[in-house]
Amino acid sequence: MNIVCIGGGPAGLYFALLMKRQDPRHDITVVERNLPYDTFGWGVVFSDATMDNMRQWDAPTAATIEQAFNHWDDIELHFQGRVIRSGGHGFVGIGRKKLLNILQARCEELGVKLVFEREVESDREYPDADLVIASDGINSRIRSRYAETFKPDIVTRPNRYLWLGTRKLYNAFNFLFEKTEHGWFQAHVYKFDESTTTFIVETPEHVWKAHGLDQADQAESIAFCEKLFAANLQGERLMTNARHLRGSAWLNFQRVRCERWWHFNGRSHVVLMGDAVHTAHFAIGSGTKLAIEDAIELTRQFGEIGATPEHIPEVLTRYQVLRGIDVLKLQNAAWNAMEWFEAVGQRYADNLPPEQFMYSMLTRSQRISHENLRLRDPAWLEGFERWFAGLAARQSGIALADGAASPPPPPMFTPYKLRSVVLKNRVVVSPMAQYSCIDGVPGEYHLVHLGARAMGGAGMVVAEMTCPSPDARITPACPGLWNEAQRDAWKRIVDWVHRETDARIAIQIGHAGPKGSTNAPWDGAGADRPLAQGNWSLIAASARPYLDSGGQTPRAMTRADMDRVRDEFVRATHLAAEAGFDWLELHCAHGYLLSSFISPLTNCRDDGYGGPITARLRYPLEVFAAIRAAWPQHLPMSVRISAHDWVEGGTAPDDAVEIARQFKAAGADMIDCSSGQVSADQKPVYGRMYQTPFADRVRNEAGIPTLAVGAISEADHVNSIIAAGRADLCAVGRPHLANPAWTLTEAARIGHLAQPWPKQYLAAKQQLERSLERERAQAGTSS
Ligand SMILES: Cc1cc2nc3c(=O)[nH]c(=O)nc-3n(C[C@H](O)[C@H](O)[C@H](O)COP(=O)(O)OP(=O)(O)OC[C@H]3O[C@@H](n4cnc5c(N)ncnc54)[C@H](O)[C@@H]3O)c2cc1C
Ligand SMILES: Cc1cc2nc3c(=O)[nH]c(=O)nc-3n(C[C@H](O)[C@H](O)[C@H](O)COP(=O)(O)O)c2cc1C
């Protein structure tokens, strides 16, 4: 085949040499506008895994790179006067020039034609090419030319960064954080050859502007950075090799992705590769890895399907399908890491102690979990766990079991105190409606259901949404707290939990509002649909039905309704206190009554209870204040919110921070960050721990403890969330329906043998631990 690569970066060069190696009969040319030694930037990093891949595909290139690269395992954080280091991270650093020169030399050795100093305007300049590789980088001209086919989606991010070098040599990947009077700067620092280190300085746009760096030339910017990081640089200078860039040379990262990766121009097939088709933020240093792996995959497909012009469409189709998946995963991880660095100043740097800041930074991409960190550096992780357990012991007033002698408990199994209530660990059984009451009275079913889960090891169980009046129920089978019979039935359950277990028990009180008078999911027309008969009339912030068709339309609440409902909430609160609950949660989520006031999608009032967020919160805050006054002062109260409506124009995470601030000011102790169910038009993006970013934001921006919930299904998730300070507690719902003893099982699974079990079940503890240990041994891992 006749192949032309437009752009001689890692993608174009590596693909050219792999294809030539696969079949020397191919006629391959790489056209590059720069000189062989002329490039922008300093060193790049990629992981050990990428090196392994390259070794398999072209051993000589890998061997030359290995002679030239710098390998290191450690990450070192410099933050608030502390230096924290952890190992096992496995990176390779190499000068970009060096890498390109190695690839160029190998291309020449194999017979690839290299053309330098030629700027290609269009793929049409190569009418005889069977295949044109558009490896022309992030500003790809070929991508723009066929934008209608490729449909690029390009997002420019707010942070500014400057790519510098220094002669100071570092023996670990360093992250430096410095605070100025206007905000935080960070530097990503890694050595890439015997005499040079990459030094990328990054800061938010407003901090950059406040320092006048938008007006500064390169020399002034460098002088500024040298002064800022002077203590670390110890007299070494910072250098630029981007003199060709106009203005300040501070860049914004652009995230590129494309809907389609290839196109037939009438004569040749044109395919995008590397940065031309996707970019990944340098926060996880994977741009070169992606370019290299694109080249490998396309070569593999030609090898498997056939390297002739007729096979090209099939090869390119498979290339896009296969690479698309990997790239998406990596771009998601890079996005998380990038957002962490964008938000670090406003969210983490001023709030988290250095140990936890380090943990949060190491897990920023959310690809590395607690157990991954244990594999990378067990000693560092144990030190962290001990530090965290000490913090939890001081916070809760519960001393550690055996002090320094025994292994520290993982973060999930550390105690937590709110007001006077101490939870033995960080797991909460999420409230889950059971639709199994008669006249709002919880019965034997609830005793067994909640009792079993209270025995199952969680620190607290939260009883399902319980309603302050008959017309506040979702279904006729929902529980209530409006009379003494209900109070006494709840008291029986609460007393049982307190007598037989060391779990705490909470109640969630809520009013169904516009989503009331419906069926249990398994009855009649199903959930959210009106009852076949016996419907009661509904109230809400505004007269808007939850379902566009077939739903009942509520009446907008009058002030008299508001007074009545508030007083009913207060009555329910008194009854909950008499029943002996340890904790009260107010349900302000999921489109129910109080949620219907908070969301702009469901509140269109013009009477001072609608409009801006402060007005929409007025009534929910009034109810909260009234029940806070009725609930014993020594007991905690949380508020469940929908932190994201997942609908354009609805509540978004920014609003969630404001909502949390207001509830905090009103005396809430914790925000339980759920999302959605406010509008039937919602488009949630599910995934593991998908609501945890909301808990993280609320906790670290509004400064209030949070409860994370949603697809948290492994101890590893809980440990990672709690350890990184993304939430204080984790609620686990559906896994607890499947397994009441989820917490005990997970303790055994991660080898936390110090976990107490109910005495009646002790015989099962050892057996489970042994069989899981055997499984781990067979799988080649140990706890
Ligand atoms: C600050 C920063 C730090 C980074 N750090 C890392 C890191 O640590 N690890 C990592 O893996 N990646 C890193 N990257 C990303 C990495 O540099 C790119 O992802 C990688 O180089 C992509 O390779 P490529 O071949 O697709 O594109 P490029 O390397 O951009 O190559 C494209 C080539 O095409 C040439 N070209 C463009 N247009 C034309 C034309 N019309 N005619 C002829 N030639 C043309 C260009 O001159 C260039 O040589 C970083 C990027 C930045 C900005
Ligand atoms: C059967 C069922 C009933 C639920 N009932 C309630 C409820 O009463 N109150 C509430 O706030 N959330 C309720 N939820 C939501 C859960 O508390 C939890 O937020 C959700 O299931 C996500 O957590 P998970 O992924 O761990 O299941 C319910 C969920 C389920 C599956």
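Start at 1 and go down the list; that is how both ligands and their atoms are numbered.
The residue from W163, F116, Y14 that puts a heavy atom closest to atom 3 (C) of ligand 1 is W163.
Contact annotation for A280 and ligand 1: no heavy atom of the residue comes within less than 4.0 Å of the ligand. When non-hydrogen atoms are compared, ligand 1 lies under 4.0 Å from the backbone of V45 as well as from its side chain. If you look at S135 next to ligand 1, the close heavy atoms, those under 4.0 Å, all belong to the backbone. Contact annotation for R96 and ligand 1: only side-chain heavy atoms (C-beta onward) come within less than 4.0 Å of the ligand. Contacts between Y161 and ligand 1, counted as non-hydrogen atom pairs separated by less than 4.0 Å, involve the side chain only. Contacts of A291 with ligand 1, taken as heavy-atom pairs under 4.0 Å, involve the side chain alone. With a heavy-atom cut-off of 4.0 Å, I200 touches ligand 1 through its side chain alone.
Considering backbone and side-chain N/O of F282, none are found under 3.5 Å from N/O of ligand 1. Inclusion of V44 in the set of residues having an N or O under 3.5 Å from an N or O of ligand 1 is not warranted.
Counting the atoms of ligand 1 from 1 in the order shown, those under 4.0 Å from a heavy atom of G137 are 27 (O), 30 (O), 32 (C). Every atom of ligand 1 is numbered from 1 in the order shown, and the set under 4.0 Å from a heavy atom of E119 is 41 (N), 42 (N). Less than 4.0 angstrom separates some heavy atom of G274 from each of these atoms of ligand 1: 26 (O). Of all the atoms in ligand 1, the ones that sit under 4.0 Å from a non-hydrogen atom of K289 are 11 (O). Atoms of ligand 1 found under 4.0 Å from any heavy atom of G9, numbered from 1 in the order shown, are 25 (O), 29 (O), 31 (O), 33 (C). The distance from ligand 1 to the heavy atoms of R118 drops below 4.0 Å at these ligand atoms: 42 (N), 43 (C). Remark: ligand 1 atoms within the under-4.0 Å shell around heavy atoms of Y190 are 5 (N), 8 (O). Atoms of ligand 1 lying under 4.0 Å from at least one heavy atom of V31, given by number and element, are 43 (C), 44 (N).
When ring centroids are compared, Y170 and W72 stay outside the 6.0 Å threshold. Ring-centre distance between F192 and Y190: not below the 6.0 Å cut-off. Checked against the 6.0 Å centroid threshold, W42 and F282 do not count as a close aromatic pair.
Closer than 4.0 angstrom to ligand 2 by heavy atom are S430, P431, M432, A433, M465, Q508, H587, H590, R640, V709, G710, A711, V732, G733, R734, P735, sorted by chain and number.
Checked by atom type, the side-chain pair N739/T745 shows a donor-acceptor distance below 3.5 Å. Side chain to side chain, T299 and W57 fail the donor-acceptor criterion of an N or O pair below 3.5 Å. Under 3.5 Å, the side chains of Y435 and D523 contain no donor-acceptor pair of N or O atoms. A side-chain donor from one of D136 and S140 sits under 3.5 Å from a side-chain acceptor of the other. No donor-acceptor contact under 3.5 angstrom links the side chains of S430 and H736, judged on distance only.
W646 and H644 have parallel rings, their planes meeting at less than 30° on a 0 to 90° scale where 60° marks the start of perpendicular. Using a 30° and 60° split on the angle between ring planes, Y445 and H449 fall in the parallel class, below 30°. Between H71 and F69, the ring planes lie tilted relative to each other; the angle falls in the 30° to 60° range. Y161 and H281 have perpendicular rings, their planes meeting at more than 60° on a 0 to 90° scale where under 30° would count as parallel.
Interatomic distance, E117 CD to E32 CD, rounded to the nearest 0.5 Å: 10.0 Å.
L737 and Q434 get closest at one heavy-atom pair: CD2-NE2, 4.1 Å.
Partner P431 forms a side-chain contact (heavy atoms from CB on, under 4.5 Å) with one of V462, V709, T466 and no other, that one being V462.
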